[in-house]
Amino acid sequence: MAIMELIGIVELIAGILINIFIGTLGQAIFRKDDRTSRVILRVIGVFLIINGISRAFHV
């Protein structure tokens, strides 16, 4: 079951990085940095954080 914990930790780190670099990612992926791109990236980041926490720590 160690693989699932590692996947959870990777999801958690990816979610945190998405939320930290949200402006840069919005520019790179959507070619613009507006409210819509930030909302989409924020939802994906929060989803990854929640999923990562539940997978890594069996919550």
Exercise: identify the closest heavy-atom pair between [X] and [Y]:
| X | Y | value |
| --- | --- | --- |
| Gly26 | Leu41 | N-CD1, 3.5 Å |
| Arg42 | Asn19 | NH1-OD1, 3.2 Å |
| Gln27 | Asp33 | NE2-CB, 3.4 Å |
| Ile44 | Ile18 | CG2-CD1, 4.1 Å |
| Ala14 | Leu48 | CB-CD1, 4.2 Å |

May I ask whether [X] and [Y] are part of the same hydrophobic cluster, defined by side-chain heavy atoms of I, L, V, M, F, W, Y residues being less than 4.5 angstrom apart, directly or through others?
| X | Y | result |
| --- | --- | --- |
| Leu12 | Leu17 | yes |
| Ile13 | Phe47 | no |
| Ile16 | Phe21 | yes |
| Met4 | Val10 | no |
| Ile20 | Ile53 | yes |

Can you tell me how far the [atom1] atom of [X] sits from the [atom2] atom of [Y], to the nearest 0.5 Å?
| X | Y | atom1 | atom2 | result |
| --- | --- | --- | --- | --- |
| Ile29 | Ile22 | CD1 | CD1 | 10.0 Å |
| Ile49 | Glu11 | CD1 | CD | 11.0 Å |
| Thr36 | Phe30 | OG1 | CZ | 9.0 Å |

Legend entry - Salt-bridge present (Arg55, Glu5; N to O < 4.0 Å): no
Legend entry - Backbone of Ser37 reached by a side-chain donor or acceptor of Asp34 within 3.5 Å: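 It does hold such a pair.
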